[in-house]
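See structure below.
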2 protein chains.
Amino acid sequence: MKLTSKGRYAVMALVDLARFDNINPVSLRDISLRQGISLDYLEQIFSKLKKNKIVESIRGTQGGYVLSRKPNEIKLTNIFHAVDEKVKTVQCKKELKKGCNGRATKCVTHNLWDELETHINSFFEKKSLEDLLKNNTEQRT
Amino acid sequence: MKLTSKGRYAVMALVDLARFDNINPVSLRDISLRQGISLDYLEQIFSKLKKNKIVESIRGTQGGYVLSRKPNEIKLTNIFHAVDEKVKTVQCKKELKKGCNGRATKCVTHNLWDELETHINSFFEKKSLEDLLKNNTEQRT
DNA sequence: TCTATACTTGACCATTTTAGTCAGGTATGT
DNA sequence: ACATACCTGACTAAAATGGTCAAGTATAGA
């Protein structure tokens, strides 16, 4: 399972982006400053987001990034999937050969982890960027 | 968040233990052999399980470990809590000082991670060792 | 056309975590 | 007394994490 700060940063950055891209593309520099995330690291993250069609890039002066879909069409699953590679927990593949299969206790955890994954995904499936956006602006002081 | 193979091993070992401790205590050596988990590693894990009152130890020849409660009274939360320290995701404490608080986007992820945690815990709260035990024996071939 | 801005790519790296191993115990049933 | 099995703590190789650094390329605007 992977839910690291890369995923967290991605979410933070995209929420930021969603809030400011109404008029112009938003540069990573701005996001970096506002969110306190290293510019270089953001570039890595946005490279993945772009590959996964979550954002689009506009080069040159006044360039930056834009969401490629509406905030309510971007689910958190998409984001995590993009930067975390997988929200996978089961690393039973080695065990499949030996202990996991045929053996007495037959990798009890295999099914368990699968269920967990489904459970987590259903959580992220329901949440969109827009949800976070609302949640966030409500909380502003 | 932490859901590593230490947690997985703990679950596997305890299911194994639950199935074999009817008559005698079960030695780690047996579990090690049956589950293919290093004995030394098991000892580390069981040390934690013991501290958390999930198992009891019987020393000496013919000694081993026994569950300290009935399988249906041992929830997976207990197990993960015991070996994984915490099923915590939020590491926002540094950010609380700077970016997270007062700032424009105010750590959107903070609430999100909290919710996720609750979500995951509720999953593990429902599952007991007994559930896995059933699930497992059903699947035996 | 020049230049500043901003995206793009890929290599590199320090630190931390993970998943153990190793070595030496201590307790106890037979 | 001795074999079995728990017990403890130090140690470590390898992987993951969370970045940095360097060297570009594309484009808008002066």
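Quick note on labels: first sequence line is chain A, next is B, and so on, each numbered from 1.
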Out of [options], whichever nucleotide has its closest atom nearest the side chain of [X]:
X	options	answer
A:T4	C:dT18, D:dG18, D:dG19	D:dG18
B:Y41	C:dA27, D:dG24, C:dA19	C:dA19
B:Y9	D:dC7, C:dC7, C:dG20	C:dG20
B:T61	C:dA27, D:dG18, D:dA3	D:dA3
A:R29	C:dA6, D:dA5, C:dA27	C:dA6
A:S5	D:dG19, D:dC7, D:dA26	D:dG19

Rounded distance in Å - [atom1] ([X]) to [atom2] ([N]):
X	N	atom1	atom2	value
A:N24	C:dT5	CG	C1'	14 Å
B:K48	C:dT18	NZ	C1'	11 Å
A:I45	C:dC7	CD1	P	14 Å
A:L28	D:dG19	CG	P	15 Å
A:Q62	C:dC7	CD	C1'	14 Å
B:L33	D:dA5	CG	P	11 Å
B:K6	C:dG20	NZ	P	10 Å
A:I37	D:dG19	CD1	P	9 Å

**OP:** Report which part of the nucleic acid A:Y65 touches: base, sugar-phosphate, or nothing (heavy-atom distance under 4.0 Å, all strands).
**Re:**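 Counting heavy atoms under 4.0 Å across all strands, the contact made by A:Y65 is with sugar-phosphate only.
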
Original post:
Which part of the nucleic acid does A:V26 contact within heavy-atom distance under 4.0 Å: base, sugar-phosphate only, or nothing?
Top reply: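 It contacts sugar-phosphate atoms only.
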
Subject >> No-H, no-angle donor-acceptor pair, A:E43 side chain to C:dC7 base, under 3.5 Å >> reply: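 Check fails, no donor-acceptor contact within cut-off.
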
Original post:
Hey, is the side chain of A:R59 pairing donor to acceptor with the base of D:dT25 inside 3.5 Å?
Top reply: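 By the distance-only test, yes, there is a pair.
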
Subject >> Approximate separation, where rounding is to 0.5 Å, of B:L42 CG and B:D30 CG >> reply: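 The CG atom of B:L42 sits 11.0 Å away from the CG atom of B:D30.
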
Original post:
Closer to the 5' end of DNA chain C via nearest nucleotide, is it A:I58 or A:Q44?
Top reply: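 On the 5' side of the pair lies A:I58.
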
Original post:
When you match A:S47 and A:G63 each to their closest nucleotide on DNA chain C, which lands nearer the 5' end?
Top reply: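 Residue closer to the 5' terminus by nearest nucleotide: A:G63.
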
Subject >> Presence of A:K50 side-chain N/O under 4.0 Å of C:dT8 phosphate oxygens OP1/OP2 >> reply: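 Yes, within the criterion.
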
Subject >> Side-chain N or O of A:S38 closer than 4.0 Å to phosphate OP1/OP2 of D:dG18 >> reply: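 False: A:S38 side-chain N/O out of range (4.0 Å or more) of D:dG18 OP1/OP2.
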
**OP:** Can you tell me which residue pairs pass the ring-ring contact (aromatic ring centres under 6.0 Å, His included) test with a partner in residues 47-76 of chain A, sequence neighbours excluded?
**Re:**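 Residue pairs passing ring-ring contact (aromatic ring centres under 6.0 Å, His included), neighbours aside: A:F46-A:Y65.
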
Original post:
Is the backbone of B:E56 close enough, under 3.5 Å, to the side chain of B:S68 for a donor and an acceptor to pair up by distance?
Top reply: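 Looks like no, no N/O pair under 3.5 Å.
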
Original post:
Between the main-chain N or O of A:I74 and the side-chain N or O of A:S128, is there a donor-acceptor pair closer than 3.5 Å?
Top reply: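 Checking the backbone N and O of A:I74 against the side chain of A:S128, no donor-acceptor pair under 3.5 Å is found.
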
**OP:** Could you tell me which non-hydrogen atom of B:L14 sits nearest to which non-hydrogen atom of B:V55, and how far apart they are?
**Re:**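 Taking every non-hydrogen atom into account, CD2-CG1, 3.7 Å.
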
**OP:** Would you indicate whether B:E115, at its atom CD, is surrounded by more than 12 heavy atoms from other residues, nucleotides or ligands within a distance under 6.0 Å?
**Re:**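 Enclosed: over 12 neighbouring heavy atoms sit under 6.0 Å from CD of B:E115.
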
